[in-house]
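Notes follow once the structure below has been shown.
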2 protein chains.
Amino acid sequence: MEASPVRPTFLNLPPEKRERIIAAALAEFADKGYEQASLNAVVAASGIAKGSLYQYFTDKQGIFLYLFEVAVGVVRRTLLTVKEETREADVFTRLEKSLLAGVDFIRRHPRLFGLYLRILYDQRTPRRQELLAAVRRFAADYFASLVRQGLSRGEIRAGVSPETAIFLLDAVFDRFLQGVAMPAFDVTLGLNQADAREVAARGRELIGLVRRGLAPPETV
Amino acid sequence: MEASPVRPTFLNLPPEKRERIIAAALAEFADKGYEQASLNAVVAASGIAKGSLYQYFTDKQGIFLYLFEVAVGVVRRTLLTVKEETREADVFTRLEKSLLAGVDFIRRHPRLFGLYLRILYDQRTPRRQELLAAVRRFAADYFASLVRQGLSRGEIRAGVSPETAIFLLDAVFDRFLQGVAMPAFDVTLGLNQADAREVAARGRELIGLVRRGLAPPETV
DNA sequence: CCATGATATGACCAGGTGGTCACATGGAAG
DNA sequence: CTTCCATGTGACCACCTGGTCATATCATGG
């Protein structure tokens with residue numbers, strides 16, 4: 001077990017103030033990454049004193065880890081909802097809907113996705129491996145369960161190795177979502193400026209290619 | 001036109017010393033990113049005085065941009081070689097060989113790939129859009145020319161949209177290479193610890209899936 | 001009205017940063 | 001041996017960082 005990074009004082013705060021601080025910290029950490037994030041900027045943006053921050057949290061790491069906890073909660077709830085809502089469909093329909101749900105999530109919570117990217121790419125983020133393992137469990141479990149379904153129902157060819165299929169899905173999904181979030185990633189599709197209809201069409205097309213790659217010949 | 005970031009003094013240096021400095025700077029910038037990189041660390045690692053660094057380069061940006069120039073040169077030469085060597089083969093063979101050449105490049109020049117990742121993910125890198133555009137041109141042109149070949153020779157189905165195909169290739173390639181370079185990315189395939197034979201097998205399998213996705217039914 | 005304990009505050013600290021500059025060194029030309 | 005200029009040097013500067021702490025403020029219960 002480990003000490004909580006957040007002090008009770010913080011949880012006693014009026015919700016409006018609490019959320020102002022969370023929003024300011026999230027913006028700072030997501031925009032600049034762990035090390036580059038400035039606590040002075042956080043206190044300035046949330047209108048509290050430096051000392052107060054240290055009455056709410058143990059230290060910089062504490063603030064960061066608390067943000068991560070909050071983020072994980074949001075992601076978990078979202079993922080469960082999507083899985084539930086597509087329960088009945090075939091694998092490729094589920095994948096397509098999941099992809100669009102991912103786009104929706106990023107549009108709704110761009111900072112949370114930004115925080116994830118930071119952890120992914122800032123090698124000096126504290127407890128990075130541990131945090132990534134947590135995120136990874138979500139994605140890998142999700143794809144693994146879909147691929148399992150696909151194989152057992154014959155929607156995916158028997159010869160396909162599950163690991164390679166998961167790798168392909170993970171690569172395509174992550175890149176698509178990063179393309180939506182960051183123009184620099186999206187060399188060709190213009191996802192960042194596209195409207196919902198266009199993104200949906202591109203997603204469908206992409207899942208179509210993946211489907212041909214994975215499904216038995218007679219079904220495509 | 002713009003002022004060169006490197007001063008003539010640097011180019012007059014004995015090559016051994018020049019390369020020591022380049023190596024030290026590359027290590028620092030690739031490991032920590034632009035803002036987090038410490039020039040004090042660079043001078044310590046290369047055994048020169050702080051002041052000397054400022055006789056060789058205009059400023060921190062200058063050092064960074066010079067490193068990028070050096071890196072682009074290496075990448076350009078490598079890419080030309082691969083394109084040349086696979087000239088005769090069909091699209092999917094060319095892709096497979098290109099993927100393995102990419103792996104080889106990363107194993108040979110891990111810091112250069114690290115520098116690329118930094119530019120990609122550190123939003124505060126100076127002139128980031130411009131630098132990424134340069135890298136992007138390489139990859140997009142490369143894939144575009146292969147896809148064009150594939151479509152014109154009938155190795156890729158006529159119905160496939162070139163942009164979507166390029167997106168798929170870009171996603172799969174980049175993720176595969178990042179998986180080789182950084183364990184955190186590679187959820188399922190274990191590329192980071194795999195030996196050359198294993199990586200080749202995984203690459204072949206992955207290109208196989210992509211091929212099924214892109215090629216006309218009768219050829220797979 | 002006071003006392004008490006929780007909460008709020010910002011000047012302050014040590015340590016690191018990118019960048020500067022007055023001076024030291026070296027080697028070649030006269 | 002002297003002059004001269006390119007090159008080398010590290011103490012120093014202003015600025016910013018995460019973190020501390022003595023003190024002020026506030027709300028509540030007696």
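Given the structure is predicted, the values throughout are model-derived calculations rather than measurements. Protein chains get the first letters and strands the later ones, always in sequence-line order, with residue 1 at the start of each.
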pair F92(B)-K97(B): side-chain heavy atoms closer than 4.5 Å: no
Could you check how far NZ of K60(B) sits from C1' of dC16(D), rounded to whole Å? 13 Å
Measuring only between side-chain heavy atoms, which start at C-beta, is K60(A) closer than 4.5 Å to F29(A)? yes
Under 3.5 Å, which protein N or O atoms sit close to an N or O of nucleotides 9-13 of chain C? Give each pair with its distance.
from	atom 1	to	atom 2	distance (Å)
dT9(C)	OP2	A49(A)	N	3.4
dG10(C)	O6	G51(A)	N	3.1

Distance in angstrom units between N40(A) CG and dG16(C) P, rounded: 18 Å
Y34(A) vs F64(A) aromatic rings, parallel, tilted or perpendicular, using cut-offs 30° and 60°? perpendicular
Whole-Å distance, D59(B) CG to dT20(C) C1', equals 13 Å
Compute the angle between the rotation axes at the two ends of the helix from dC1(C)-dG30(D) to dG30(C)-dC1(D), each taken over five pairs, rounded to 10 degrees. 20°
Would you indicate whether the side-chain heavy atoms of D122(B) and R128(B) approach each other to under 4.5 Å? no
Under 4.0 Å, heavy atom to any atom of DNA chain C: which of residues 27-34 of chain A qualify? none
Interatomic distance, Y54(B) OH vs dC12(D) P [rounded to whole Å]: 19 Å
Find out whether I48(A) and K17(A) are in side-chain contact, i.e. whether some heavy atom of one side chain is under 4.5 Å from a heavy atom of the other. yes
dT7(C) C1' sits how many Å from L13(A) CG, rounded? 9 Å
Base, sugar-phosphate, or nothing for A41(A), non-hydrogen atoms under 4.0 angstrom? nothing
Quickly work out the Q36(A) CD to dG18(C) P distance and round it to whole Å. 10 Å
I'd like to know if R202(B) pairs up with E163(A) as an ion pair, taking the criterion as any Lys NZ or Arg NE/NH1/NH2 lying under 4.0 Å from an Asp or Glu carboxylate oxygen. yes
Answer with base, sugar-phosphate or nothing: what part of the nucleic acid does Y56(B) contact at a heavy-atom distance below 4.0 Å? sugar-phosphate
Using modelled atom types only, decide if a donor and an acceptor are shared between the side chain of R118(A) and the backbone of D31(A) within a distance under 3.5 Å. yes
For a 4.5 angstrom cut-off between non-hydrogen side-chain atoms, does R148(A) reach P162(A)? no
Separation of dG5(C) atom C1' from N12(A) atom CG, nearest Å, is 14 Å
Rounded to the nearest Å, what distance is computed from the CZ atom of residue R18(A) to the C1' atom of nucleotide dT7(C)? 16 Å
Fit a plane to each ring of F173(B) and F143(B), take the angle between them on a 0 to 90° scale, and name the class: parallel (under 30°), tilted (30 to 60°) or perpendicular (over 60°). perpendicular
